[in-house]
Each structure stands twice: as C-alpha cells, then as structure tokens.
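The sequence lines fix the lettering, A, B, ..., with proteins before strands; numbering per chain opens at 1. Predicted model only: the values in this text are computed from it and were never measured.
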Number of protein chains: 2
Amino acid sequence: MLTERQLSILKAIVDDYVTNAEPVGSRTISKRSDMSFSPATIRNEMSDLEEMGFLEKPHSSAGRIPSQKGYRYYVDHLLSPAQLSVNDMQDIRSQLAVKFHESEQIIQHSAKILSQLTSYTSIVLGPEVFESKLKQIQMIPISKDKAVCIVVTDSGHVENQTVQFPESVEAADVEKVVNILNEKLQGVPIYQLQSRLSQEIASVLKQHVNRYETMYSVLRDVFAEQKQEKVYYGGKTNILSQPEFHDVKRVRAILNLFEEDSLMSRQIRTDNTGLTIRIGEENDFKPFDDLSLVTATYTLGGKYIGTLGILGPTRMEYPRVISLLDHFSKDMSKLLNRSSD
Amino acid sequence: MLTERQLSILKAIVDDYVTNAEPVGSRTISKRSDMSFSPATIRNEMSDLEEMGFLEKPHSSAGRIPSQKGYRYYVDHLLSPAQLSVNDMQDIRSQLAVKFHESEQIIQHSAKILSQLTSYTSIVLGPEVFESKLKQIQMIPISKDKAVCIVVTDSGHVENQTVQFPESVEAADVEKVVNILNEKLQGVPIYQLQSRLSQEIASVLKQHVNRYETMYSVLRDVFAEQKQEKVYYGGKTNILSQPEFHDVKRVRAILNLFEEDSLMSRQIRTDNTGLTIRIGEENDFKPFDDLSLVTATYTLGGKYIGTLGILGPTRMEYPRVISLLDHFSKDMSKLLNRSSD
DNA sequence: GTTAGCACTCTGATATACCGAGTGCTAAAT
DNA sequence: ATTTAGCACTCGGTATATCAGAGTGCTAAC
C-alpha cells in the first residue's frame, strides 16, 4: 500500500515526465509548490517507489521515469478529474457543426479533429458494413458486356463494383435476377449475403434464369467483396514529433503498420463499449510496446457503431486524452443519432 | 562541348553515385575496367567537369557528386539503353494478370507494383472523374427523410452521397425529379452538371415539382461534391530508406505532403503525354528540390486517363525507372483497353 | 522521521589528436 | 603535348581524454 506522500510523488513524477519527456530528479519534485519536503526525503521515497516497481532509472545517475506499472497506477488511481478547457469543447462543437453529407464523412473528419486536438495519432474505426442490412441491389449497364453493381445498406452505405458479363447474358435476365435478389434478400445482414445466396437463391435462379452459373459466380464475387471495414487515420505523422521516434527505422515500421488496415483494426477494436486504456505491453502487440492506446466507442441508438482511438507514447497526456475522448465520443454519438432519424 | 572521355567519366560518376550514395573519387573511377587512365588524369577531367557545372564537391577533400545539371545531361545524353530484366517484365505481367473487378482497383494496385519494383515511392493519378459523362442518377430511400443519391458515370465510376429531405417532400416528387435528371442529363460531362442544373433543369423542375427549392439545393450539393480526383500512393515509406532522409523533420514534411492529395496531384500532373523527367528544382516545388519525379501517362482508346509517377532522390536509378515506367504504362493501357470494350 | 552534506556515478559537451580519402599542383615520363 | 607519378595539403569522421552538471545513495546530524 502506498502512503499519501508516495502517491503525490508518483503523480508529480508522471506529470512532470509527461510534459518534459526527461527523467525527473528529486530536486525538481521538491521544488514544486505543492511539495514540502527536501530532495533527500523525496529521494528515499523514490527509491522505495522504484523497489515497488512504479519507477525506473534509465541509468544510475539520471532521474526516474515512470514504469509501465507506474502509468497504470497513475491512470487507475491518480488521474486529476479531467478538466476539458472551454476552448476545446467549443472547438469540438464547431468542428462537428459543419454539415456533412454522409456519416462516413463525419467519421473521417473526426479522426482529423482528434489528432489536431491531441497532437497524437488518431485511428477511427468506421461502422461495420458487415453488420448492416441490405437495402437494395442495382445493376446499371454501362456498356455491352459491363455493368456496375451497386449494393446499398440500410445505414446508407454504398458499395459498388464493376462486373462483366459474357455476351450471351441477356439484359432481361439480369433484370430478373436483380428483382429476385431484392425480393429475397432485403433486410438480410451483409455478412449473411453469401451463404443466403448459395442456400436459397441459387435454386431459385436456376429455375428462372438462363445462364444461371455465370450470374451466380458474378454475384458470389460481388458479395465476397463486401466485407472490409473502414479504418480512418488522423495525424499519421504526429507521432513522429515525439522524441521517442527519432529513429527513422522505427518511424518506417510504425508508418508501414498504418497501411495495414485490417491489422490495425484488429488492434484497435475492443469488445467492451466505453473507454479503454492500454499502456505499452498491455497492447499485447510488439510494435506498440512503448505506445499507449486510448479508445472510446461511439453508438447509434445505443448500439455499438465504431471506435475512436488515440495512439501516443506511453508518456501520454492521459487526463486530457481521456476526457477529450469521453466528451468527443458522446458528442459524436449524439450527432449521428440526430442525423439519422 | 564535352570530349568523349569526359562523357564516359561523367557517366561513370553518376552511375557510381546512384548506387553507392557516396561522393566518388578519382581512384574509384580509374579502377573501373572500362577506364584506362590514371587517377591524376581523371582528376584533371573532373576538375574541368566541375568548372562546367556538371559536378560538385560536398567539401574540398571529398569526391565529386553530380550536380543537377549533371543528372540532366546524363538523362538527356548518356542513358544506357534501358535493359528491363526478363524477371521484371514477367513480374509486371503476372501482377497485372490478377483479375480486377474495377478499373479503380487496377490503378490502385499499379501504385503498389511500381513502388515494389523500384523501391521508391509511386504516385498514381486516377482517371479524372471530372471528364467522364453521366450515365445514371438514382435515389434510394433508406428512411423517412433520407435517401442515398448515387451517380454513375459512363466509365463505371460510382459516387454516392446521403441526402436528407424535409418531411414535406414526397416520394413521388423525388422520383419525378430523378426521371427528369436522367432524361435531360445523360451523357453530360460531370463537370458540367452544376451549370446545366441551374441553367436548364431549374426551370423544368419549377414547373413540374412541388418543393422545388429544396430539391434544387439538395441536387446542387450533390453535384458540388463530384469534383475531386483520386490520387493513389505506393510505398509511401520507401523514400525513407534513402540516406538523404535520415532526418525525422524532413520525413514528416514529405509524409505530410502525401496527405494533401490535391497538392500532389497538381504536382504530378503533366500536360504532355508520354514520359517526363523532372530533376530536383526542375519540379519548381521546394519540397522536391532534392527529389526527382519521373512520370508516364496511361491511356484508354488513345485518350489520356491518368499519370504514373515515381518519386525518389535526384540520385535515382534513371535507366531502370524510365524503362520500367515506359513498359508499365503501355502494359497498363493495354489492360485497360482490353477490359473496357 | 527528516534533512544536510558529501562522495560517487553517469551523460553530454568540448577539445585534441589522428587517420584516411581525396584533391591540386609540379615535375618527370611518354 | 599528354599523361602520370609524387607529394603536400585539406577536410571529415572517429576515437580519446577531460570536465561540468545533474542526480543518487548513504551517513550523520537535527
């Protein structure tokens, strides 16, 4: 169990290190106005804190820096109640006040806002197309043997794909197929489309349509494409301004990661709604071993839609990021709800 | 006028510097098998070449490196006829052989291939949506007051946007409007949509449709969105492996540039079709002052569609990049032509 | 329990010497 | 008249030594 004084020292060290990115020494802490002990006393306490695993020394005659455990304790027990500046709140509000034509745009823009506000990198997961339901399918011919197949979901999301038919397929048949699909598949979740196609629709098509196999394989391809989920980034390079990224090789590694959407999305996703903080190795992902990730979820009608994430050094401004994300995710949920009824 | 010997020395220096990224000295050149003069002789020639502006010295006791003018001369007069390896050609062919559902995918993928093949960064401009013509407009209702507006072009490109109607607008009216639009605007180039809307369509709508102003403003918004052109990147971080990018600040600057699609597209675009090489300051763009950009255009039915660009250090493997781009742009044009008839 | 004092440790900056690669010039060789 | 060997000179980069500053840990005094 930590004493009152140890708590305040730990907090002071984290706060100082977060802003200055340099090991903090006993004198520095002792000089703070809210600290009324001599450096020597502080040193003793620091030594104890180190023994307990909350602090570590880069080398024997430097100051201390928080360990992962130190950050974790700080986040769990010491966080000053978040004080979002009026300025920030107005900023968020006005940024979100711009009118958007698509919820996709809102989400995309939110990544930018978050990165600007925090000067870390933000990673935002869009709604899972996957879970939304089919509204309508259309085939629009654009040349003799080609058409654009458009899939619209109930959330207003649109996927499209150019398909090619052998000459032998007749326009009338295509139309018939589309009609059947719309009749049978409306309201079906996107992720079920494929299995439904093969189970129910295949046989129906067989009965009513010429060139059944061709149509079937085209459709299967279209549905196979409908799976990916969107990942948006804001301030990809913000993270480079952190002193821990002065090595170009690290830079490259992390930047390349950012191109791997599916990998990132797996990394960002959380099961529980609400706020999650993962510090360093808690991410369970080597490239993030000295990074922290704070995520919040946003909702529509109380249902999970997507995740907002902030990625920064473990030495992160947790209080600010947390309150920012908390506030922002709520504002965003509100906005989405308003624009969708 | 340069002597035969000076030419071969210049060529040797460029070739050497391109591969080793280090100033090359007289001894190094003299040792080459195709060079039969002593270092001293080479030194004299180098000194002359420097005086003429083709070479420069990083400092008095280093070797020489090519100046911008040196590279330019090399590119214009000394390039060994491009020798694309069979390996590369096969690589290109097999990579392009994957079947794509959309020409957009081909283009996107081509950026990846080019960056892999060159280990520089590739920047590819997609077809100008702008120039293609309207095929069809659709409104698909997804809730009481919302609909997805879908714009399909003759090139198979699809843009979509969620729009919101006041409750008072009736479904029948929306349908009527869509019919009018399709009748009047089919075949109209995208960039003309806005003006045609205000000139011809506005009055027609006024006559036939209730709530004319609302519909009009919604449509205006939709058409206003149809302007951007797509920029694809491959190997954004490849450029970081160049020794000239060991400074994180430069890295950030260039990487941030890559996020500014419209800026980049302006920078990459060329008027003339065919191959263009811009070396360093020839780019007329400060951030590219020590980079070279090689571009080629690809076509459909002989008409300009887009641009393939390779961005690397001025110390670039010009012969390889040039022949690669030349070959690739032709292959790609062929592919597009084949898949679009 | 707290703190002053002091020896000790380690980093980072600065100065110095030195090696190697390369040049430019002169004089000899071809 | 070229070409080349020889040599003094220049400069960057590395290695080494030195030093100041910041910090710790311990002991002894308060």
Quiz item: salt bridge (Lys or Arg N to Asp or Glu O under 4.0 Å) with A:Asp16: which residues, sequence neighbours excluded?
Solution: none
Practice problem: Please name all residues satisfying side chain to side chain contact (heavy atoms under 4.5 Å, CB included) with A:Ser122, sequence neighbours left out, ordered by chain then number. | Solution: A:Ala111, A:Leu114, A:Ser115, A:Ile310
Quiz item: Can you give one letter per nucleotide of nucleotides 13-30 of chain D, 5' to 3': B if a protein heavy atom sits under 4.0 Å from the base, S if only from the sugar-phosphate, - if neither?
Solution: ---------BSBBB----
Self-check item: Results of side-chain hydrogen bond (donor to acceptor under 3.5 Å, both in side chains) for B:Asp76 - residues two or more places apart only
Solution: B:Arg72
Exercise. To the nearest Å, give me how far apart NE2 (A:His59) and C1' (C:dC8) are.
Key: 14 Å
Exercise. Could you check which residues of residues 2-16 of chain A get a heavy atom under 4.0 Å from DNA chain D? Sort them by number, please.
Key: none
Quiz item: Quick one: B:Phe37 CZ to D:dT2 P, roughly how many Å, whole number?
Solution: 13 Å
Practice problem: Please state whether the phosphate of D:dT4, meaning OP1 or OP2, lies under 4.0 angstrom from any side-chain nitrogen or oxygen of B:Thr41. | Solution: yes
Practice problem: Rounded off to whole Å, could you give me the CD-to-P distance for the B:Glu45 and D:dT2 pair? | Solution: 11 Å
Practice problem: Could you walk me through whether A:Ser265 and A:Ser262 pass the side-chain hydrogen bond (donor to acceptor under 3.5 Å, both in side chains) test, one step at a time? | Solution: CA-CA 5 Å; A:Ser265 121; A:Ser262 66; over 6 Å; no
Exercise. Would you list the pairs meeting salt bridge (Lys or Arg N to Asp or Glu O under 4.0 Å) in which at least one residue belongs to residues 231-248 of chain B, sequence neighbours left out?
Key: B:Lys236-B:Glu259, B:Glu244-B:Arg315
Quiz item: Among all residues two or more places apart in sequence or in another chain, which pass the side chain to side chain contact (heavy atoms under 4.5 Å, CB included) test with B:Arg27?
Solution: B:Lys31, B:Pro39
Self-check item: Atom-pair distance (CG on A:Asp48; P on C:dT2), nearest Å
Solution: 12 Å
Quiz prompt | Sequence neighbours excluded - ring pair (Phe, Tyr, Trp, His ring centres under 6.0 Å) pairs with any residue from residues 249-268 of chain A | solution = A:Tyr233-A:Phe258
Name each donor-acceptor pair under 3.5 Å that joins a side chain in residues 42-56 of chain B to protein atoms two or more places apart or in another chain, with its distance.
residue, atom, partner, partner atom, Å
B:Arg43, NH1, B:Ser26, OG, 3.3
B:Asn44, ND2, B:Ala40, O, 3.4
B:Glu45, OE1, B:Gln6, NE2, 3.4
B:Glu45, OE2, B:Arg5, NE, 2.7
B:Glu45, OE2, B:Arg5, NH2, 2.9
B:Glu50, OE1, B:Arg64, NE, 2.9
B:Glu50, OE1, B:Arg64, NH2, 2.9

